[in-house]
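These notes concern the structure reproduced below.
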Amino acid sequence: MMCKTFFRRHALWLFVLPMCLLVVDGCITVARKTSMPNTVHFRVPQYDMQGASKLSFSLSDTLNYSTEEADSEELILNAVLSDSSGEIVATGRIAPLTVSALHKNVAERNGQINFSFDILVPESLLSADRQIKIMPQLTWEAGHRMLERVFVTGIDYRRSQDKGYEKYYKYFSTIIPDSVDFVKAFGYLGLLKNFTDRNIDNKEFGEFGVTEPEAVEHYIKNYLVKWNNRRKARLEEVFRKCVKDPLERVAVRLDTVFTTGTGGMVYRYVQTMPTEPYMHRLHLTFKGSVNTWGRQLYTFVSPDTITYYVSSLAQMVDTSARYIEKTLARDVAVSTMAYIEFEKGSWSIDTSLANNAIELSRIRADFDSIALSKAFAADSVLICASCSPEGSLAFNSTLAQKRSESVKEYFSDYYTASAKKGVVFHTQYIPENWETLKKLIAKDSSVIFKEDALAVFAEEDQDKREALLAAHKDYKYISTSLYPLLRKIDFTFYLHRRIYDTLLTKVAVDAAYMKGVRALLDRRYKQAIEILGPYADMNAAIAYLCLDYNASALNILKQLEKTPMVEYLIALSYKRLGNRIKAAEHYKNATEIEPRLRFRASLDPEMSDLTHDT
């Protein structure tokens, strides 16, 4: 099993050609650059080299790039001993490795950004026996990302790698894999066959002699098994010994065998990546190393940073709160309820009974609130009294009716005494409130035999139904805990607005819309379109533009008021759709009213050329 694992891990590199050239999404140019804006230089201080005899640094030493001296331009590879002073001085200088960005502003489109930079490797750093590893890294406010690495590999260095793999493969090929037939690979097959041919029909072979597995084990070359296992156990060790610097093919941009020419090498690194939340500025840094024969000569870390500014349409989003608008009708109804206690069989209001004083005071406060309202005026009040099922239906009907009339008389007298006229009182009554009782039983977990209790509601005769319920096992709980909740007075106030017309008003912030705006600002464009699309406003159009749905965005923008921002987005839509004439016309309309949009256009590479047309 171990040899299978190592074969899968390393077999891919065993057949790598010693000379190859792989370039992904970039180009190699042998040239020198004279002007490199926004440049990162990796340098160490210079030293005097007069009168020297050579003394090389050990290859195991690690040297870091430094920027302590602004005039330093070169890297020290070796040192020599001065014959005159006896001091160690530098020799073997090379020019610095340089990285430059051609554009600081990068535009976002379709949820992605595209940026590039050039890596200049000087001729003095290129050597057939070296490998240069350059590892770029991007950071931004909310995250970071290691970009694909760039490897520049010399021909002799690659040959050394290939030889290491050849040695490892030679060792690997001597191991008997687990997939082969164990007996055929490790057994004395001739002897085993002769033994089984002579004894296979002998009963004692199975019953009184040796078993077949024991026979097979006897004819196995145990010394060969042990030898093979020892070699398998040393696979990791041998691989590390033979392959000093394993080949890397995962996320590597350039792995090339080259010969030095008249100049250095320039590699243009082009990267496309999806945008992420808060990705407004990108900071590009580098680190890496120079190796020879599998050993690290020195490392470098960029002392400076290249900064890119990400231009996104999401920066144009209107973040103002959007409200839900609701049409308010002229006529409205407001309901409340009170538990007013009566003596058994009575309909007279007793303010000293139970909580009646509190309940009556609360209802009077509701009357006062409506009477003092500047927005509403009361037209009528409906008072509805209901009773529990105790007693006959005929008696409860009379009782409920008289209680509703009693409550009406109490509050109509209060209204008249307070000079609050113009309100009409109406009464209704529910003799036995079975509907509410059924709901209470269904929801109450304290009713143990719930199904049996609910079954009595199938009886249509209310007096018989009450008798069936009275015989139920849970009746005591129902009558003491649920029946009081049925004895209530419902008040419904019918009002009208003092302003006759219906009103359109903002009642609350539209939370769904603001969630869509948040998704747009966070670059989650698909989610933003799902939420904002039905609103068909400027933010919805921006969401469509961010995913390159330009026709959909244009259809929305044409229906909106032609503000400078809308005109600008219409120009952008036409530009993307290939209608340059229309794009220039709307761009001119936008910038004549709002000149600052010219700066915005300079941040959008696809719009910047329109600035020359207007």
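Sequence positions, counted from 1, serve as the residue numbers for this chain. None of the values given here were measured: they were computed from a predicted structure. Any value given below was found using the heavy atoms of this structure, including those in side chains, with hydrogens, waters and symmetry copies removed.
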Who pairs with Ser320 by side-chain hydrogen bond (donor to acceptor under 3.5 Å, both in side chains), at least two apart in sequence or on another chain?
-> Asp318
Which pairs, with at least one residue in residues 523-551 and sequence neighbours excluded, count as a ring-ring contact (aromatic ring centres under 6.0 Å, His included)?
-> Tyr513-Tyr535
Taking only residues two or more places apart in sequence or in another chain, which ones pass side-chain hydrogen bond (donor to acceptor under 3.5 Å, both in side chains) with Thr275?
-> Glu108
NZ/Lys450: more than 12 non-hydrogen atoms of other groups inside 6.0 Å | yes
Sole candidate of Met279, Met273, His144, His283 that passes side-chain contact (heavy atoms from CB on, under 4.5 Å) when paired with Leu138 = Met273
Expected output: side-chain Ser397 to main-chain Leu393 donor-acceptor under 3.5 Å = yes
For Phe491, ring-ring contact (aromatic ring centres under 6.0 Å, His included) partners two or more places apart = Phe411
So which pairs with a foot in residues 479-488 pass side chain to side chain donor-acceptor pair (under 3.5 Å), sequence neighbours left out?
-> Ser388-Arg487, Glu390-Arg487
From Arg524 atom CZ to Ile531 atom CD1, the distance as rounded to the nearest 0.5 Å = 7.5 Å
Going by distance alone, is a donor N or O of one side chain under 3.5 Å from an acceptor N or O of the other, for Thr272 and Gln112?
-> no
Aromatic rings Tyr568 and Tyr587: how do their planes relate, parallel, tilted or perpendicular, breaks at 30° and 60°?
-> tilted
Is the backbone of Leu569 close enough, under 3.5 Å, to the side chain of Ser573 for a donor and an acceptor to pair up by distance?
-> yes
Looking only at atom types and distance, does a side-chain atom of Arg523 sit under 3.5 Å from a main-chain N or O of Leu521, one as donor and one as acceptor?
-> yes
Would one find more than 12 heavy atoms of other residues, nucleotides or ligands at under 6.0 Å from atom CH2 of Trp347?
-> no
side-chain hydrogen bond (donor to acceptor under 3.5 Å, both in side chains) partners of Asn356, counting only residues at least two apart | none
Sort and list the pairs that fulfil salt bridge (Lys or Arg N to Asp or Glu O under 4.0 Å) and have at least one residue in residues 461-486, not counting sequence neighbours.
-> none
With Phe457, which residues qualify under ring-ring contact (aromatic ring centres under 6.0 Å, His included), at least two apart?
-> Trp434
Hey, could you give me each pair passing salt bridge (Lys or Arg N to Asp or Glu O under 4.0 Å) that has a residue in residues 547-563? Not counting sequence neighbours.
-> Arg109-Asp548, Asp548-Arg576
Quick one: side-chain hydrogen bond (donor to acceptor under 3.5 Å, both in side chains) partners of His426, sequence neighbours excluded?
-> none
List in chain and number order the residues that pass ring-ring contact (aromatic ring centres under 6.0 Å, His included) with Tyr429, two or more places apart in sequence or in another chain; answer none if no residue qualifies.
-> none
Set of residues satisfying salt bridge (charged side-chain N to carboxylate O under 4.0 Å, His left out) with respect to Arg362, sequence neighbours excluded | Glu359
